[in-house]
**Student:** 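Following this message is one structure expressed as structure tokens.
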Amino acid sequence: MSKYARQDILDIIEQEDIEFIRLQFTDISGKLKNMATTVKQIDKILDGHYRFDCKAIDGFSGTGYEELFLVPDLDTFVIFPWRPQNGKVARFLCDVVKPDGTPFAGDARYILKKTVKKAKDMGYSFNTAIKNEFFLFDIGENGEPASYSSEKGGYFDVGPADCGENARRDMVLYLSDMDIGVETSYHSDEAAQHVLDLGYAPPLEMADAIMTTRLVVRTVAKRHGLHATFMPKPKVNVKGSGAHYIFSIDKDGRNIFTDKEDRFGISKEGYAFMAGILRHIPGMSLITNPIVNSYKRLVPGYLAPVTVCWSATNLSPLIRITSIGSDGGRVILRNPDGATNPYLVIALCLAAGMDGIKNQLKPPACMEELSEEEIKNAGMLPRTLHEAVKLFKNDSFIQEVLGSHISGQMVKAKDLEWNEYCSQVTLWETKHYLSTI
């Protein structure tokens, strides 16, 4: 059931003295895009007649269209709490459609909607949560983003060791004003590293919330004289930042991942869902870890996953399962990072998990029951973006979920990124080779 009707939006605009409207959408790579206008255009906006030049958006060009249209999702209408109180600014998150009004195949939001509908038609409803990690670094002398911080905080520290607590407080308050619930916020393991845990929400609502959270985190950080980054591995010799996605499924109002008779409290559906993700995760890695830097995080020794294994007790598996607490059985995927497009990540996880349930797949033994050699033989995550592209090309199921347009654009863009990266000469290379060779 929708939260807002057209007249509700018009009433809020008048009552709240809103003057500016932002129309936001997400490109294929997961970057939030934006067009701004005044409330004088509200009828045009609500009629879905706001067009934009799609050739200017990476992954949207080459479709045969010069322009695409933005259709606002009325339920995403919120007022930016950090903007002036006179002449307020509000936003819609939008779907992208073709001139004839049909969905654009490159719209990640549309891909997630399709996946959720398919599961809903089978009687399933999903719950999704996330653990967002990010760094709050200092600003350089010339106002440029830096990769250093003077703070020395660690896990769950308080001020003054935790220099980001005031910024996190404002992030949580702003997100609450925008109807996004943060269950917990705290200092993470590394200096200047922080966490916001978003509570359970339906998949589309969660993906929208993730995009909004990234905007809020960066905006608040700047207002505090800091630079926020979700870059997976911004510094060498420190733990990187992940985005741990948490899933459960309800059917007839019951969490079907829960089985109190199981030793870990997980049902056969929960194990099958996990097995589906394990089967497809090599090909999914291009989406869950989409940039060159993603693979600098996925290395041994930093609590990030490197093998295709699961556990209920280990702190560093690819997938962790748990049934502790009132939420029941849950499957937690730990390899994604903050460079992702959350719509595509959630869509692929749900599709792969449902494929596991449909085919009654069984996961391998948990990593505690395997030797080191058996863990290695279970399979490794890709070590580079180049390897991830090859594995993506080999998984027709993943490409079918995303559609040919997004699949083709991702391969094209990531091949270019890898080739550009390979042409660079890094500081590490000059340090090791310049004086010795």
Side-chain angles (χ1 to χ4, degrees), residues 22 24 26 29-34 36 78-85 89 91 130-178 180-198 208-244 291 293-294 296-297 302-304 336-340 342 427:
R22 291 192 178 187
Q24 298 181 332
T26 303
S29 68
K31 293 183 176 64
L32 190 65
K33 300 296 183 178
N34 182 90
V78 293
I79 299 170
F80 285 157
W82 60 85
R83 300 294 296 190
Q85 292 304 297
V89 181
R91 76 92 199 267
I130 190 171
K131 173 184 175 180
N132 280 301
E133 293 180 321
F134 56 93
F135 281 89
L136 292 178
F137 290 131
D138 294 346
I139 300 291
E141 291 183 1
N142 298 319
E144 75 281 3
S147 60
Y148 55 80
S149 171
S150 58
E151 78 126 79
K152 306 296 182 183
Y155 259 132
F156 307 121
D157 272 347
V158 298
D162 174 10
C163 295
E165 61 181 4
N166 289 336
R168 287 202 317 274
R169 180 195 61 206
D170 286 349
M171 293 169 191
V172 172
L173 292 175
Y174 283 158
L175 287 168
S176 178
D177 288 341
M178 300 172 81
I180 295 175
V182 178
E183 285 199 341
T184 54
S185 69
Y186 51 93
H187 197 290
S188 194
D189 192 17
E190 299 291 350
Q193 190 179 38
H194 304 269
V195 176
L196 296 182
D197 288 333
L198 304 189
D208 289 342
I210 293 169
M211 294 306 301
T212 302
T213 297
R214 293 177 183 173
L215 173 64
V216 170
V217 167
R218 293 189 181 107
T219 299
V220 171
K222 188 173 183 180
R223 293 167 70 91
H224 281 262
L226 300 168
H227 172 68
T229 181
F230 292 87
M231 184 178 175
K233 187 83 165 185
K235 298 180 68 174
V236 69
N237 297 327
V238 301
K239 297 180 183 68
S241 294
H244 301 173
I291 62 175
N293 184 258
S294 295
K296 305 296 178 71
R297 169 179 163 256
Y302 292 93
L303 292 183
D337 57 53
T340 60
L427 179 63

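Along the sequence shown, the residues carry numbers beginning at 1.
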**Student:** Quick one: CD1 on I291 to OG on S29, what's the gap to the nearest 0.5 Å?
**Tutor:** 10.0 Å
**Student:** Give me the atom names and distance for the closest heavy-atom approach of L136 to A167.
**Tutor:** CD1-CB, 4.2 Å
**Student:** How many angstroms lie between atom NZ of K31 and atom CE of M211, to the nearest 0.5 angstrom?
**Tutor:**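 With rounding to 0.5 Å, NZ (K31) is 9.5 Å from CE (M211).
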**Student:** Partners of F156 by ring pair (Phe, Tyr, Trp, His ring centres under 6.0 Å), sequence neighbours excluded?
**Tutor:**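 Partners of F156 by the ring pair (Phe, Tyr, Trp, His ring centres under 6.0 Å) criterion, ordered by chain and then number, come out as Y186.
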**Student:** Between A146 and D138, what is the shortest heavy-atom contact and its length?
**Tutor:** CB-O, 3.2 Å
**Student:** Do the side chains of H227 and F135 get nearer than 4.5 Å, heavy atoms only?
**Tutor:**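 F135 vs H227: side chains apart.
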**Student:** Please evaluate residues V182 and D197 with respect to the criterion side-chain contact (heavy atoms from CB on, under 4.5 Å), reporting the C-alpha separation (whole Å), side-chain torsions for both, the decisive distance (0.1 Å), and the verdict.
**Tutor:** CA-CA 6 Å; V182 178; D197 288 333; 5.6 Å; no
**Student:** Measure from the side-chain N and O atoms of E144 to the backbone N and O of N142, and report whether any donor-acceptor pair falls under 3.5 Å.
**Tutor:** yes
**Student:** Other residues, nucleotides and ligands only: do more than 12 of their heavy atoms fall within 6.0 Å of NZ on K131?
**Tutor:**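 Yes.
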**Student:** Between L175 and L196, does the side-chain contact (heavy atoms from CB on, under 4.5 Å) criterion hold? Intermediate values first, please.
**Tutor:** CA-CA 11 Å; L175 287 168; L196 296 182; 4.1 Å; yes
**Student:** How far apart are the C-alpha atoms of K239 and E133, what are their side-chain angles, what is the distance that settles it, and do they pass the side-chain contact (heavy atoms from CB on, under 4.5 Å) test?
**Tutor:** CA-CA 11 Å; K239 297 180 183 68; E133 293 180 321; over 6 Å; no
**Student:** Contact between V195 and T184 at the side-chain level, heavy atoms closer than 4.5 Å - yes or no?
**Tutor:**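 In short, these two side chains do not touch, never coming nearer than 4.5 Å.
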**Student:** side-chain contact (heavy atoms from CB on, under 4.5 Å), that's the test. Do T219 and F80 meet it? Break it down for me.
**Tutor:** CA-CA 11 Å; T219 299; F80 285 157; over 6 Å; no
**Student:** State, yes or no, whether a side-chain contact exists between H194 and S185 at a heavy-atom distance under 4.5 Å.
**Tutor:**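 With C-beta onward as the side chain, the pair stays apart.
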**Student:** Determine whether the side chains of H224 and N166 contain a donor N or O and an acceptor N or O closer than 3.5 Å.
**Tutor:** no
**Student:** Determine the minimum heavy-atom distance between I139 and G225, stating which atoms define it.
**Tutor:**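 Nearest pair, atom of I139 first, then G225: CG1-O, 3.4 Å.
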**Student:** Hey, could you give me the NZ/NZ distance between K296 and K235, rounded to the nearest 0.5 Å?
**Tutor:**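 Nearest 0.5 Å value for the NZ-NZ distance: 16.0 Å.
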**Student:** Where is the tightest heavy-atom contact between M178 and V78, given as atom of each residue plus distance?
**Tutor:** CE-CG2, 3.6 Å
**Student:** Where do V89 and R83 come nearest, in terms of heavy atoms and distance?
**Tutor:**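 Answer, listing the atom of V89 first, then R83: CG2-NE, 3.7 Å.
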**Student:** What are the two closest heavy atoms between S147 and P234, and how far apart are they?
**Tutor:**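 Nearest pair, atom of S147 first, then P234: CB-O, 4.3 Å.
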**Student:** Is a side-chain donor or acceptor of K233 paired with a backbone partner of V238 at a separation under 3.5 angstrom?
**Tutor:** yes
**Student:** Report yes if some heavy atom in the side chain of D162 is under 4.5 Å from a heavy atom in the side chain of R168; otherwise report no.
**Tutor:**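 A side-chain contact under 4.5 Å exists here.
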**Student:** Is there a side-chain contact between R297 and N293 (heavy atoms, below 4.5 Å)?
**Tutor:** no
**Student:** With the side chain counted from C-beta on, respond yes when R214 and P342 share a heavy-atom pair under 4.5 Å apart, and no when they do not.
**Tutor:** yes
**Student:** Could you grab the distance from atom SG of C163 to atom CG of D157, nearest 0.5 Å is fine?
**Tutor:**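 Going from the SG atom of C163 to the CG atom of D157 covers 10.0 Å.
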**Student:** Taking the side chain as every heavy atom from C-beta outward, state whether V220 and W82 have any pair of such atoms under 4.5 Å apart.
**Tutor:** no
**Student:** Any heavy-atom pair between the side chains of F134 and T213 that's under 4.5 Å?
**Tutor:** no
**Student:** How long is the gap from CE on M171 to CZ on R223, to the nearest 0.5 Å?
**Tutor:**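 Here the interatomic distance stands at 11.5 Å.
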**Student:** Report yes or no: does Q193 contribute a side-chain atom to a donor-acceptor pair with the main-chain N or O of G240 at less than 3.5 Å?
**Tutor:** yes
**Student:** Rounded to the nearest 0.5 Å, how far does CG of L215 lie from CD of Q24?
**Tutor:** 6.0 Å
